[in-house]
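Comments concern the structure below.
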Number of protein chains: 2
Amino acid sequence: MNVRTLILAILNFCEASGYEIKKMSSEGSFSYFVDISYGSIYPTLARLEAEGMVAGRVESHAGKPDRRIYSITERGRAELVRGLSQPPQKDIFKSEFLLQAINAPLVGPDVMAAALAARIANLEAEIAMLDGIIADCDHPATLWVANYGKRIMTTDLHYLKAHRNDLVAIAGQAAGAPQAAE
Amino acid sequence: MNVRTLILAILNFCEASGYEIKKMSSEGSFSYFVDISYGSIYPTLARLEAEGMVAGRVESHAGKPDRRIYSITERGRAELVRGLSQPPQKDIFKSEFLLQAINAPLVGPDVMAAALAARIANLEAEIAMLDGIIADCDHPATLWVANYGKRIMTTDLHYLKAHRNDLVAIAGQAAGAPQAAE
DNA sequence: TAGGCCATGTAACCGGTTACATGATTAG
DNA sequence: CTAATCATGTAACCGGTTACATGGCCTA
């Protein structure tokens, strides 16, 4: 899942500028599995154009900076299919929250409670975003993914709310006596 | 969640060699959120030792290569607490499967069905691993995380099984007619 | 008039992986 | 005899981020 394929996938939905791609990847319907930086978007876009995978055109709007709008080409779409068709590698899931949770006794109940609260808030925000997609969007595949994501996040949220106190209690177990000495 | 903190976290559970750390991170109870490579483990371990965060000793077993066993020091534990205590950044979730799913019409029903099957198999394997941890382990925080993970993965699995056909159908919608022309 | 948003781009850096080098022991 | 497992380590590479440079327009 390199930036290259990701950008092609986004451009296969709609043409966009580098700036818009950034926004889609950090706020829009792609945000729940990526967040690309400008520093990788613009060079990749330039390279994709040089390879004929995307076509760029400049659009001028009065009172706004010029925008380079890119759209995917036939070659780009073929490349995207190639990229998507090879068996997907395992999902990568990196959770600092889980690392904290596994070390609950070490971080203590206060930090743990704060982390739980942050995660719950985060999940609620993300579910709200998915609700927005589910309401607005009529693209079947996107809807399928949004509903799938919502289902999992909802379960996650319920579980956290039901068991947060257990984890805080575990974190409190060793409070003040920070593990055996060296 | 850099390798540094991760290694300290692992060593806070038990002392281990670089080789064992690798195994824990790619098979053991840490594997469901990381997989570190030797190329980052050994240099990091050396650096941590130079900084006094971990202490290494050489152990010889007849008929086996020498092993450098590392254990965390007080300083290392303090460093770990510091690393864990700052508010965790958002979970990173990168899923090639989801990227395929969102582009289901493009990849076609066969590839989509294969991806679904792979993901289902993967989830089943991971749930089995979690069951192992839940049965064996008596560390409360680890158990909490394992049960949490199991709950989510189980929901995930059920949802996938119940809705896989829908996604394959969506992927079949555009089969043979690969999108509008340029 | 200060700060935020729009908009594009580059250069330096960095965290990490891949691939390689080495070598003994054990299981098939 | 071959392959796998145990075990440590290095060097080259690479994908990506951070921080910087630039500048006009709009809002508070």
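Per chain, numbering begins at 1; letters A, B, ... match sequence-line order. Predicted model, so just to flag it, every value in this text is computed and none were measured.
A/Tyr19 has no side-chain polar atom (N or O) that falls below the 4.0 Å cut-off from OP1 or OP2 of C/dT8. Between B/Arg67 and D/dA7 there is a side-chain polar atom (N or O) within less than 4.0 angstrom of OP1 or OP2.
Contacts classified as side-chain hydrogen bond (donor to acceptor under 3.5 Å, both in side chains) and involving residues 33-50 of chain B (residues at least two apart or in different chains) are given here: B/Lys22-B/Asp35, B/Arg47-B/Glu51, B/Glu49-B/Arg68.
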Could you run through nucleotides 12-19 of chain C and give me one letter per nucleotide, 5' to 3': B if any protein heavy atom sits under 4.0 Å from the base, S if only the sugar-phosphate is that close, - if neither? ----SBB-

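Look at CD on A/Glu59: it is 16 Å from P on C/dC6, rounded to the nearest Å. To the nearest angstrom, P of C/dC20 lies 19 Å from OH of B/Tyr42. Distance B/Arg68 CZ to D/dT8 C1': 10 Å, rounded to the nearest Å. Rounded to whole angstrom, the span from the CZ atom of B/Arg57 across to the P atom of D/dT8 amounts to 12 Å. What separates CD of B/Glu20 from P of D/dG9 is a distance of 14 Å, to the nearest Å. If you take CD1 of A/Ile21 and C1' of C/dT8, they are 12 Å apart, rounded to a whole angstrom. Rounded to whole Å, the distance from CE on A/Met24 to P on C/dC6 is 13 Å. A straight line from CD1 of B/Ile7 to P of D/dT8 spans 12 Å, rounded to a whole angstrom.
Salt-bridge check for B/Arg119 with B/Glu124: failed, with every basic side-chain N at 4.0 Å or more from each acidic carboxylate O. The residues B/Glu126 and B/Lys150 are annotated as not salt-bridged, no charged nitrogen and carboxylate oxygen being separated by less than 4.0 angstrom. In summary, B/Glu79 and B/Arg77 do not engage in a salt bridge, as defined by a charged side-chain N under 4.0 Å from a carboxylate O.
Aromatic ring orientation, A/Tyr148 versus B/Tyr159: parallel (interplanar angle below 30°, classes split at 30° and 60°).
With hydrogens and angles disregarded, a donor-acceptor distance shorter than 3.5 Å links the side chain of B/His139 to the backbone of B/Thr142.
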